[in-house]
S.K.: 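Below is the structure I would like to discuss, written out as structure tokens.
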There are 2 protein chains.
Amino acid sequence: MSLRYALLGLISKKPQTGYELYQTFQQQIIYFWNSTHSQIYTELRKMEQDEVISSELIYQEGSPNKKKYTITKEGEKDLIHWILEQKIKPAKIKDEFLIRASAFHLLSIDEILGLLDTIIEREQQILEGTLLWQSQHIEQEQPKFEQIGEYITSEYGIMYAKMYIDWCLKVKDILSKMDLEN
Amino acid sequence: MSLRYALLGLISKKPQTGYELYQTFQQQIIYFWNSTHSQIYTELRKMEQDEVISSELIYQEGSPNKKKYTITKEGEKDLIHWILEQKIKPAKIKDEFLIRASAFHLLSIDEILGLLDTIIEREQQILEGTLLWQSQHIEQEQPKFEQIGEYITSEYGIMYAKMYIDWCLKVKDILSKMDLEN
DNA sequence: TGCGCCATGTAAATTGTTACATGATTTA
DNA sequence: TAAATCATGTAACAATTTACATGGCGCA
């Protein structure tokens with residue numbers, strides 16, 4: 001059901017097509033959920049059946065037609081109820097790199113350092129991307145309450161990437177100290 | 001396949017039963033993967049068929065019998081190959097609270113503050129638990145290379161929880177500034 | 001006497017991923 | 001001329017979760 005509420009939340013900000021929602025998931029603008037177009041389109045149709053969203057068909061010449069989904073009053077009630085009354089399940093992280101990190105005892109120091117550098121670079125690029133997105137979409141000086149969601153979740157993305165880089169550096173530091181002893 | 005390598009990594013440290021592996025997942029000692037006992041037992045049997053682990057049956061009186069799994073040479077080769085040669089997929093986070101946060105525009109300030117306090121407390125408890133676990137399992141002064149995996153992943157858990165709390169406090173700060181203007 | 005722990009397993013249902021499918025327009 | 005973008009959809013497969021199932025032991 002979580003995917004449903006992630007989509008509902010996005011649609012509640014502004015009416016959107018499945019493709020636009022998919023783009024949002026795709027471009028890592030949200031750091032808290034992910035999905036594919038096939039799952040999104042299927043879920044949207046179920047949501048329309050359950051009348052939490054309604055759709056409007058937009059005919060286009062040249063490009064394919066599209067369906068713009070709008071949240072219904074029922075949908076908004078449903079979403080708010082979920083946010084406030086349903087038990088909050090803890091975050092589920094599936095991080096392939098940390099699986100690797102947990103087995104570092106099988107590698108050489110050089111192999112570990114190589115992997116860490118790859119990840120530092122990856123996270124630095126994500127961080128830059130998010131900072132850019134934030135500067136383009138959020139009024140930093142006087143953020144508006146309507147934008148609170150985008151603001152704080154992009155802020156989360158920034159803090160997460162920074163933490164990840166710091167962690168990599170800390171691991172390097174720990175390793176350098178070990179290196180001296182062996 | 002990632003679950004397989006998460007399990008292989010844990011077994012590579014010391015031979016373990018399915019139940020012990022499940023406990024490790026359960027007790028949030030690892031912050032990077034999660035699974036249920038049904039999935040773990042099924043995967044372990046597949047892994048034994050594929051000869052990346054081997055099992056030893058341990059008969060017990062009073063308690064049920066158990067199977068202790070040990071990594072094979074083939075398994076270790078397989079794991080190292082996956083760590084070094086396979087493309088690292090980006091972390092997938094599924095965080096129900098952040099879905100809620102992304103829809104905060106639908107709530108009142110008081111409702112938001114209530115949710116944030118719940119999460120701060122949750123993360124503080126996780127943080128304390130992890131710090132305790134680390135102090136009991138890791139030699140902080142002179143950590144051994146054999147323990148590198150547990151050390152750095154628990155360190156990740158600590159940094160992640162701290163970051164999450166800091167983020168909650170930052171959100172509170174952002175809200176308090178908005179409050180004045182409305 | 002009912003619940004939780006130990007210890008494993010199967011079955012069903014849900015969720016998520018990858019592949020297949022279409023077709024026009026734009027970009028390299 | 002091949003790939004990418006827009007835009008949606010279905011089908012097959014894989015991964016994950018929840019429920020069902022067993023049974024003795026210790027605890028309150």
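Quick caveat, the model's predicted, so the values are computed rather than measured. Letters A, B, ... mirror the listed sequences (proteins, then strands); counts begin at 1.
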S.K.: In whole angstroms, how far is the C1' atom of dC6(C) from the OH atom of Tyr19(B)?
M.R.: 5 Å

S.K.: Using the heavy-atom set of chain A and a strict 4.0 Å cut-off, write down the first and last nucleotide of DNA chain D that makes it in, 5' to 3'.
M.R.: dT5(D) to dT17(D)

S.K.: Quick test: give all pairs of protein nitrogen or oxygen and nucleotides 14-18 of chain C nitrogen or oxygen below 3.5 Å, distance rounded to 0.1 Å.
M.R.:
residue	atom	partner	partner atom	Å
dT15(C)	OP1	Met1(A)	N	3.1
dG16(C)	OP1	Lys94(B)	NZ	3.0
dG16(C)	OP2	Gln39(A)	NE2	2.4
dG16(C)	O5'	Gln39(A)	NE2	3.3
dT17(C)	OP1	Lys92(B)	NZ	3.1
dT18(C)	O4	Ser38(A)	OG	2.6

S.K.: Given atom NZ of Lys66(A) and atom P of dA24(C), what is their separation to the nearest angstrom?
M.R.: 19 Å

S.K.: Before you tell me yes or no, could you show the steps for Leu10(B) and Ser102(A) under side-chain contact (heavy atoms from CB on, under 4.5 Å), namely the whole-Å CA-CA distance, both residues' side-chain angles and the distance that decides it to 0.1 Å?
M.R.: CA-CA 8 Å; Leu10(B) 292 171; Ser102(A) 79; 5.5 Å; no

S.K.: Rounded to whole Å, please give me the gap between CZ in Arg45(B) and P in dT8(C).
M.R.: 11 Å

S.K.: Hey, could you give me each pair passing salt bridge (charged side-chain N to carboxylate O under 4.0 Å, His left out) that has a residue in residues 70-87 of chain B? Not counting sequence neighbours.
M.R.: none

S.K.: Angle between the end axes of the helix from dT1(C)-dA28(D) to dA28(C)-dT1(D), five pairs per end, to the nearest 10 degrees?
M.R.: 40°

S.K.: Give every residue pair that meets the salt bridge (charged side-chain N to carboxylate O under 4.0 Å, His left out) criterion with at least one member in residues 160-172 of chain A, sequence neighbours excluded.
M.R.: Asp117(A)-Lys172(A), Lys170(A)-Glu155(B)

S.K.: What pairs meet the salt bridge (charged side-chain N to carboxylate O under 4.0 Å, His left out) rule with one or both residues in residues 95-108 of chain A, with sequence neighbours excluded?
M.R.: Glu96(A)-Arg100(A)

S.K.: Tell me, please, which residues at least two apart from Tyr156(A) pass side chain to side chain donor-acceptor pair (under 3.5 Å).
M.R.: Tyr160(B)

S.K.: Just to verify, what does Glu139(B) make a side chain to side chain donor-acceptor pair (under 3.5 Å) with, not counting sequence neighbours?
M.R.: Lys144(B)

S.K.: If you group Ile, Leu, Val, Met, Phe, Trp and Tyr whenever their side-chain heavy atoms sit less than 4.5 Å apart, what else falls in with Leu132(A)?
M.R.: none

S.K.: Can you sort out the partners of Thr72(A) under side chain to side chain donor-acceptor pair (under 3.5 Å), two or more places apart, ordered by chain and number?
M.R.: none

S.K.: Going by the ring-ring contact (aromatic ring centres under 6.0 Å, His included) test, which pairs reach into residues 76-104 of chain B, not counting sequence neighbours?
M.R.: Tyr5(B)-Trp82(B)

S.K.: Can a side chain N or O of Gln60(B) be found less than 4.0 Å away from OP1 or OP2 on dA7(C)?
M.R.: yes

S.K.: How would you list, by chain and number, every residue that makes a side chain to side chain donor-acceptor pair (under 3.5 Å) with Trp33(A), sequence neighbours excluded?
M.R.: none

S.K.: The test is salt bridge (charged side-chain N to carboxylate O under 4.0 Å, His left out); show your working for Lys67(A) and Glu56(A) and say whether it passes.
M.R.: CA-CA 5 Å; Lys67(A) 277 192 225 163; Glu56(A) 183 202 352; over 6 Å; no

S.K.: Calculate the interatomic distance between Phe25(B) atom CZ and dT8(C) atom C1'; express it in whole Å.
M.R.: 17 Å

S.K.: Please tell me if Tyr41(B) has a side-chain N or O lying less than 4.0 Å from either OP1 or OP2 of dT8(C).
M.R.: yes

